Amino acid sequence: MSSSGKKGKKDNTLPISSRKKNFAHSTGSLPEIGGGRSICHRHHRWQVPIDGCCVIYKRTISLLIYIKPRKNKINCILTVFMLIMVVVMFMKYLHMIRFNNEARTQNDHILIRRQILSQTNSEYSQVSSIWENPISDKHHGCIERLPSETRNRSAPTNGYVLVQANGGLNQMKMGISDMVAVAKLMDATLVLPTLDHKSFWTDPSDFKDIFDIKQFKTTLQDDIDIVESLPSHLAGSEIQQKDPISWSKPSYYQGEIFSLLKQHKLVNFLHTDSRLANNGIPDSIQKLRCRTMYEALKCTNKINELARKLINRLKQNNDHYLALHLRFEKDILAFTGCTHGLSQQESDEIKSLRYSVKHWKVKKIKSALKRQQGNCPLTPRESAIFLQAMGFPLSTKIYIVAGDIYGEHGLGEFKEKYKNVYTHSTLATEDELKPFKGLQNQLAALDYALALASDVFVYTYDGNMAKAIRGHRMFKGFKKTIYPHKRKFVKMLDELDKGRLSWDEFSLQVKKVHANRTSRPRRRVGGVKPKREENFYANPYPGCICEK
């Protein structure tokens, strides 16, 4: 553009000095102040509302402009007074805002504390619920004898039944309870049972070393006649040896066996395990089985006294404790053929043991398949993960109801998670255990007492001890007992180990699967084959448990 063009056009641009002067006399747009940045876009540290701040700012600027020195002194004094009033009002406004903000903050703190307390209470409630027993208000143990079921003590006996109990402690207890019922069915006299000394543990203990004979005889005196030995006039008589058919109904004993008894007067039962059916038995006989199991077969004072001491040690300070039947022992691993978690050398050792025991019929076993089917005892690692997934705190006191845990690592992997782990060997002193040294059945009786008294009982293999304790705890008021659904659990655990499940997902699934596996009241399940039925001593309802 030419110079003449520049001169001909009106220049609207003001010099800097002129812009300042013009601004000084203006009460126009405030956003131009401060290089175009508005104070209204800033946030006060006390979070003053933006509109209130802007209004006060505008009024202050207007007054500053207005009090420029003038000739009128009255106006000047009045303006200063107004400015002071504005400043006072502004300070009061800020104070009010600060007070409200502090109150709001305090309320937020209270709300946060309440939320934390609520979460804490929720977590406490969740942990507390772990120890709660299943609801069983409408059920109770019922084994009372009716007057019509009391034996006639003056009536002659039909003969004498001798019993050779076989197996471990709890297998023998269940067998003896069955034999008491059998003697009742035949109106026979029971000779004090003989215990097995040749089983895996080779315990030399006799009946009197484990059980209180007086308690046994007194409890059952109105049911059957019990003697400690054969009368002298029969001492040299020929004894009819008999191996009763397993899972038999009362008709078998009142027919075939009763005929033998009447003929020979003496019958010796060589085996007692599972010789009476689970179901189809008169209520009076079922109650007698439970009366024997839960009341007559009480342990000796020596065992009971040590049991009370150990229970008190676990429950000091009102602590809860969990009893875990961790059946990861050499004999059961050899019997089941389960090798998961073992070294090759250990696997070979238990395989050799299995082949050396003649009455263990199954020799060729696929361990991985058996584990997938849920037929293996859980390993120590699997057991610890199960308890943690179920929500038991890592500080939980855990009493191991078992013999020596097999394998190089023993309880090592379990103790990596749970530190408060006890056995009778660690909970009792050397002097206290000295009378029980090498007597595995007596130690099993000790463990049984601690498992029965525990707040929660968990068993990882459905053996005779687990069945006996579970049924006894149901009879005593459905005390919480958990049995892992091993087929589902090991599948979920394998998914967790492969990274296909997060811990939260895994734990949620484990809890969901086991929500109803706590020994709540549930009628015993029958079956086509007696061997496949639910065991009577594992669930004595119906029979020994009634509805109110």
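Keep in mind that what you see is a predicted model, and the values were worked out from it rather than measured.
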Got a sec, which residues hit side-chain hydrogen bond (donor to acceptor under 3.5 Å, both in side chains) with Asp319, two or more places apart in sequence or on another chain? Lys397
Donor-acceptor pair, side chain of Lys419 and main chain of Glu416, under 3.5 angstrom: yes
What pairs meet the ring pair (Phe, Tyr, Trp, His ring centres under 6.0 Å) rule with one or both residues in residues 243-283, with sequence neighbours excluded? none
The criterion is side-chain hydrogen bond (donor to acceptor under 3.5 Å, both in side chains); which residues satisfy it with Arg381, sequence neighbours excluded? Asp497
Under 4.0 Å between a side-chain nitrogen and a carboxylate oxygen: does that hold for Glu295 and Lys287? no
Sub-3.5 Å donor-acceptor pair from the side chain of Arg473 to the main-chain atoms of Ser454, do we have one? yes
Within-4.5 Å side-chain heavy-atom neighbours: Leu369 and Asn375: no
Of the options Leu270, Thr194, Leu192, Asn268, which is the one that meets Leu162 in a side-chain contact (heavy atoms from CB on, under 4.5 Å)? Asn268
Quick test of your reading of the model: are Asp455 and Lys480 salt-bridged, counting only N-O distances below 4.0 Å? no
Within residues 281-323 or reaching into it, pairs that qualify as ring pair (Phe, Tyr, Trp, His ring centres under 6.0 Å) - sequence neighbours excluded: Trp131-His320, Tyr294-His472, Tyr294-Phe475
Partners passing disulfide (SG to SG under 2.5 Å) against Cys142 (at least two apart in sequence or in another chain): Cys546
Could you go through Leu190 and Val163, starting from their C-alpha distance and side-chain angles, then the distance that decides it, and tell me whether this counts as side chain to side chain contact (heavy atoms under 4.5 Å, CB included)? CA-CA 8 Å; Leu190 179 70; Val163 169; 3.7 Å; yes
Can you tell if the side chain of Leu288 reaches within under 4.5 Å of the side chain of Thr292, non-hydrogen atoms only? yes
Excluding sequence neighbours, so at least two apart, what forms side-chain contact (heavy atoms from CB on, under 4.5 Å) with Asp225? Arg151, Thr189, Val227
Tell me which pairs pass side-chain hydrogen bond (donor to acceptor under 3.5 Å, both in side chains) where either residue lies in residues 431-444, with sequence neighbours left out. Ser205-Gln442, Lys302-Gln442, Arg313-Glu432, Thr429-Glu432
Residues Leu195, Ile176; criterion side chain to side chain contact (heavy atoms under 4.5 Å, CB included); working and verdict: CA-CA 10 Å; Leu195 302 189; Ile176 292 169; 4.1 Å; yes
For Tyr459 and Tyr461: C-alpha separation, side-chain torsions, deciding distance, then whether ring-ring contact (aromatic ring centres under 6.0 Å, His included) applies. CA-CA 6 Å; Tyr459 60 100; Tyr461 184 75; 9.3 Å; no
Inspect the contact between Glu534 and Arg523 and indicate whether a charged nitrogen and a carboxylate oxygen are less than 4.0 angstrom apart. no
Any side-chain heavy atom of Val362 within less than 4.5 Å of one from Ile365? yes
Sequence neighbours excluded, every pair satisfying ring pair (Phe, Tyr, Trp, His ring centres under 6.0 Å) that has a member inside residues 413-441: Phe414-Tyr418
All side-chain hydrogen bond (donor to acceptor under 3.5 Å, both in side chains) counterparts of Asn170, not counting sequence neighbours: none
Quick one: list whatever passes ring-ring contact (aromatic ring centres under 6.0 Å, His included) with Tyr537, sequence neighbours left out. none
SB check Lys265 Glu238 (cutoff 4.0 Å): no
Any carboxylate oxygen within less than 4.0 angstrom of a Lys/Arg side-chain nitrogen, looking at Arg275 and Asp273? yes
For Asp404, is there an ion pair with Lys330 - N to carboxylate O distance below 4.0 angstrom? no
Could you tell me whether the side chain of Thr460 and the main chain of His325 form a donor-acceptor pair under 3.5 Å? yes
Residue list, ring-ring contact (aromatic ring centres under 6.0 Å, His included) with Phe386, at least two apart or on another chain: Phe489, His514
In Arg524, Arg522, Glu547, the residue satisfying side chain to side chain donor-acceptor pair (under 3.5 Å) with Tyr541 is Glu547
Partner set under ring-ring contact (aromatic ring centres under 6.0 Å, His included) for Tyr160, not counting sequence neighbours: none
